[in-house]
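The next block holds one structure in the form of structure tokens; read it before the comments.
The structure displayed is predicted, hence computed values, not measured ones. In this chain, residues are counted from 1 in sequence order.
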Amino acid sequence: MSVTYRYVAADLLTDAYITDLPLQDVTFTRRIIEPGTLSASVEIPDAVMADRVAKVIPRHPVDPGEPDGLSTGPGRTVIHVYRNGVIWGTYLIWSASVQQQGRANPKVTIQGSTLESYLGHVIIRQDIPSFAGVDQVEIARQLITHMQSDPQADLGITLQPGMSGAVRDRTYLGTEAASYGQRLTELAQVDDGFEWLIDTSVDAGTGVRSKRWKWGYPTLGSTTGYVFKGDDVLSWQEDIDALRGGTQWQTRGESTNTDVAAGSIPLTSLITPAQDYIDAGWPRLDQTVDYSTVSEQDTLDNYAAFLAANRGGAVRVHRATVRLGPGTSFSPGNLGDYVRIMLVNAWWPVRSGVASFSKSWRVIGIDVRPVSRSDGQEQCTLTFEESVDS
């Protein structure tokens with residue numbers, strides 16, 4: 001069984017089919033909370049292919065004789081990525097470039113991001129009724145519902161029900177000019193927060209696509225039996241960066257000064273230590289993170305506590321590029337799940353007859369490179385969150 005990819009272009013708001021594109025040099029990623037990306041190109045060898053691509057990337061801003069920038073193009077067209085008939089991601093095309101080098105055929109390159117990126121480009125223009133003691137997940141649902149109440153911003157996203165049990169107080173004003181995506185990210189990334197993403201799936205019976213906002217408390221995913229070892233691990237990497245970590249954390253918010261003639265003094269959180277590292281003898285490494293529109297002391301304190309708990313010391317980021325079989329059940333839909341990586345090499349030798357590196361990590365990012373003309377092997381790079389060995 002071989003691996004076959006299909007790239008379907010559709011309208012962002014209606015999901016109406018436009019055309020299939022024969023994309024090349026494709027790389028697409030998925031992330032938890034933050035948007036994933038898509039980059040790809042398509043060569044134009046003749047007028048037939050040019051007309052096909054022009055349905056997605058118009059030649060002209062306005063031209064009554066063919067599809068134009070008012071009916072399609074970057075900003076309103078998505079690419080659904082299918083692998084062996086299963087949808088692996090939906091990407092809004094944000095930019096495109098048409099170019100030709102010498103006598104080579106013209107080429108169109110596209111850049112896109114997952115639907116989470118769209119929420120970052122819709123500004124909260126009207127005040128939203130304040131939330132007092134409301135479950136954080138319900139606040140998130142209300143934010144998305146408020147955005148989709150505008151037909152021009154209604155992506156047809158359905159919302160996962162349920163509650164996290166953690167309540168918040170929040171006020172969102174139209175004068176703050178913050179996006180729905182920004183507010184959702186801030187709401188989630190606090191102490192005792194949650195994780196979320198927007199997933200696209202296909203009904204097996206009807207073939208109809210649907211978009212769903214999914215959340216997990218405190219995290220998405222579950223423990224699974226996926227194991228990658230031996231020749232299935234094509235490469236691995238561990239990055240250790242003390243400049244991204246710290247041992248004392250403080251956050252800064254909105255200015256508390258109401259006198260415009262005086263200097264601006266931002267509201268600040270309590271200084272929160274990464275206590276385990278302090279106790280272990282680490283030096284003082286200060287980190288200050290700005291949340292310029294936050295005006296609540298408790299909220300800033302929660303942000304500082306989250307950072308101290310999750311980014312203490314030196315930040316370690318682990319990646320492994322693995323081989324997936326054609327019929328694999330592992331996909332970007334497994335973001336948040338745990339997989340086990342087993343390595344045997346000079347850095348991680350066999351000890352007492354067993355591999356010294358056998359760790360279960362949670363997958364927080366997936367980068368996929370389908371087979372291309374320059375590389376005959378599909379590659380899937382997993383980015384992990386550091387976790388307790390199991």
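- With Tyr91 contributing its side chain and Thr29 its backbone, the two residues share a donor-acceptor pair below 3.5 Å.
- Judged by a 6.0 Å distance limit and a 45° cone about the ring axis, Arg6 is positioned over the six-membered ring of Tyr82.
- In this structure the side chain of Ile79 reaches within 4.5 angstrom of the side chain of Ile110, judged on heavy atoms.
- A distance-only check finds no donor-acceptor pair linking the side chain of Gln248 to the backbone of Ala274 [under 3.5 Å].
- By the 6.0 Å contact criterion, CD on Gln100 is enclosed, its count of non-hydrogen atoms from other residues, nucleotides or ligands being greater than 12.
- Atom CG of residue Leu12 and atom CZ of residue Arg76 lie 8.5 Å apart, to the nearest 0.5 angstrom.
- There is no side-chain donor-acceptor pair under 3.5 Å between Arg31 and Thr383.
- A donor-acceptor pair is defined here as one N or O able to donate and one able to accept, closer than 3.5 Å; such a pair exists between the side chain of Glu116 and the backbone of Ile198.
- Nearest heavy atom pair, residue Asp127 against residue Gly174, reads OD1-N, 2.7 Å.
- To the nearest 0.5 Å, the span separating CG on Asp367 from CZ on Arg319 amounts to 8.0 Å.
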For this session: Begin with the C-alpha distance, continue with both residues' side-chain angles, and end with the deciding distance and a verdict on salt bridge (charged side-chain N to carboxylate O under 4.0 Å, His left out) for Glu195 and Lys214.
Result: CA-CA 8 Å; Glu195 292 181 342; Lys214 296 169 54 178; over 6 Å; no
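- Grouping the Ile, Leu, Val, Met, Phe, Trp and Tyr side chains by contacts below 4.5 angstrom, directly or via other members, places Met147 with Leu13.
- A distance of 6.0 Å or more separates the ring centres of Trp88 and His80.
- One side chain, Ser235 or Thr321, offers a donor N or O that lies under 3.5 Å from an acceptor on the other.
- Under the 30°/60° scheme for interplanar angles, the aromatic rings of Trp94 and His121 are found to be tilted.
- Remark: the backbone N or O of Thr4 is paired with a side-chain donor or acceptor of Asn84 at under 3.5 angstrom.
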For this session: Would you please test Leu184 and Leu119 for side chain to side chain contact (heavy atoms under 4.5 Å, CB included) and show each step?
Result: CA-CA 9 Å; Leu184 279 165; Leu119 277 62; 3.4 Å; yes
Exercise. Would Ile341 and Phe384 satisfy side chain to side chain contact (heavy atoms under 4.5 Å, CB included), going step by step from the backbone distance to the final call?
Worked result: CA-CA 10 Å; Ile341 300 293; Phe384 300 105; 3.7 Å; yes
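- With no hydrogens or angles considered, no side-chain donor-acceptor pair links Asp154 and Gln152 at under 3.5 Å.
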All N/O donor-acceptor pairs, side-chain side in residues 158-169, below 3.5 Å, sequence neighbours left out:
from	atom 1	to	atom 2	distance (Å)
Thr158	OG1	Lys211	O	3.2
Gln160	OE1	Trp215	N	3.1
Gln160	NE2	Trp215	O	3.3
Ser164	OG	Asp135	OD1	3.0
Ser164	OG	Asp135	OD2	3.4
Ser164	OG	Gln136	NE2	3.2
Ser164	OG	Ala166	N	3.2
Arg168	NE	Gln136	OE1	3.1
Arg168	NH2	Gln136	OE1	3.1
Arg168	NH2	Asp191	O	2.9
Arg168	NH2	Asp192	O	3.1
Asp169	OD1	Gly133	N	2.6

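- A donor-acceptor distance shorter than 3.5 angstrom exists from the side chain of Thr247 to the backbone of Pro283, with no hydrogens or angles considered.
- With values rounded to the nearest 0.5 angstrom, His318 atom NE2 is found 11.0 Å from Ile364 atom CD1.
- Thr299 and Asn302 form no side-chain donor-acceptor contact under 3.5 Å, judged by distance and modelled atom types alone.
- Under a 3.5 Å cut-off, the side chain of Asp232 and the backbone N or O of Val322 do not form any donor-acceptor pair.
- Annotation for Arg212: atom CZ counts as buried by contact number, over 12 foreign heavy atoms lying within 6.0 Å.
- Inspection of the Ser113 and Thr37 side chains reveals no N or O donor paired with an N or O acceptor under 3.5 Å.
- In the displayed structure, Gln275 atom CD is contacted under 6.0 Å by more than 12 heavy atoms of other residues, nucleotides or ligands.
- Side-chain contact of Thr268 with Arg252: a donor-acceptor pair under 3.5 Å is absent, judged by distance alone.
- Across every non-hydrogen atom of Asn345 and Trp347, the tightest pair is OD1-N, 3.0 Å.
- Residue pairs meeting the salt bridge (charged side-chain N to carboxylate O under 4.0 Å, His left out) criterion with at least one member in residues 79-106, sequence neighbours excluded: Arg83-Glu378.
- Using modelled atom types, one side-chain atom of Arg362 and one backbone atom of Leu220 make a donor-acceptor pair closer than 3.5 Å.
- Shown here for Ser130 and Thr171, the closest heavy-atom pair between the two residues is OG-OG1, 3.2 Å.
- The other residues sharing a hydrophobic cluster with Phe306 are Val190, Trp249, Leu267, Val289, Tyr291, Val294, Leu300, Tyr303, Leu307, where clustering joins ILVMFWY side chains under 4.5 Å apart.
- Taking each heavy atom of Pro273 and Ala308 in turn, the nearest pair found is O-CB, 3.7 Å.
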For this session: For Thr114 and Arg30, run side chain to side chain contact (heavy atoms under 4.5 Å, CB included): C-alpha distance rounded to whole Å, both residues' side-chain angles, the deciding distance at 0.1 Å, then the answer.
Result: CA-CA 8 Å; Thr114 49; Arg30 292 292 306 276; 3.7 Å; yes
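- We find the OG1-CG distance between Thr90 and Leu115 to be 5.5 Å, quoted to the nearest 0.5 Å.
- A donor-acceptor pair under 3.5 Å is formed between the side chain of Asn334 and the backbone N or O of Ser331.
- Open room surrounds CG on Asp231; 12 or fewer heavy atoms of other groups in view lie less than 6.0 Å from it.
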Problem set entry | Intermediate values then yes/no, side chain to side chain donor-acceptor pair (under 3.5 Å), Ser329 and Tyr226 | CA-CA 9 Å; Ser329 59; Tyr226 290 106; 2.9 Å; yes
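- Here the shortest heavy-atom pairing between Asp337 and Ser222 reads OD1-N, 2.9 Å.
- In terms of modelled atom types and a separation under 3.5 Å, the side chain of Gln287 and the main chain of Leu243 share a donor-acceptor contact.
- Taking the six-membered ring where tryptophan is involved, the planes of Phe357 and Trp361 are perpendicular, since the angle between them exceeds 60° and thus also 30°.
- Separation of atoms CZ (Phe131) and CD1 (Ile139) is listed at 5.5 Å; rounding is to 0.5 Å.
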Exercise. Step by step, would you call Val53 with Ile44 a side chain to side chain contact (heavy atoms under 4.5 Å, CB included)?
Worked result: CA-CA 8 Å; Val53 175; Ile44 313 295; 3.6 Å; yes
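- Taking all atoms of both residues into account, the shortest heavy-atom contact from Tyr118 to Ala153 is OH-CA, 3.3 Å.
- Rounding to the nearest 0.5 Å gives a distance of 8.0 Å between CG of Asp239 and CG of Asp241.
- The 12-atom threshold is exceeded at CD of Gln99, counting heavy atoms of other residues, nucleotides or ligands nearer than 6.0 Å.
- Classification of the Trp196-Trp213 ring pair by plane angle, with boundaries at 30° and 60°, yields tilted.
- Arg340 contributes a side-chain N or O that, together with a main-chain N or O of Ser358, makes up a donor-acceptor pair within less than 3.5 Å.
- Residues His146 and Tyr180 bring a donor and an acceptor atom of their side chains to less than 3.5 Å of each other.
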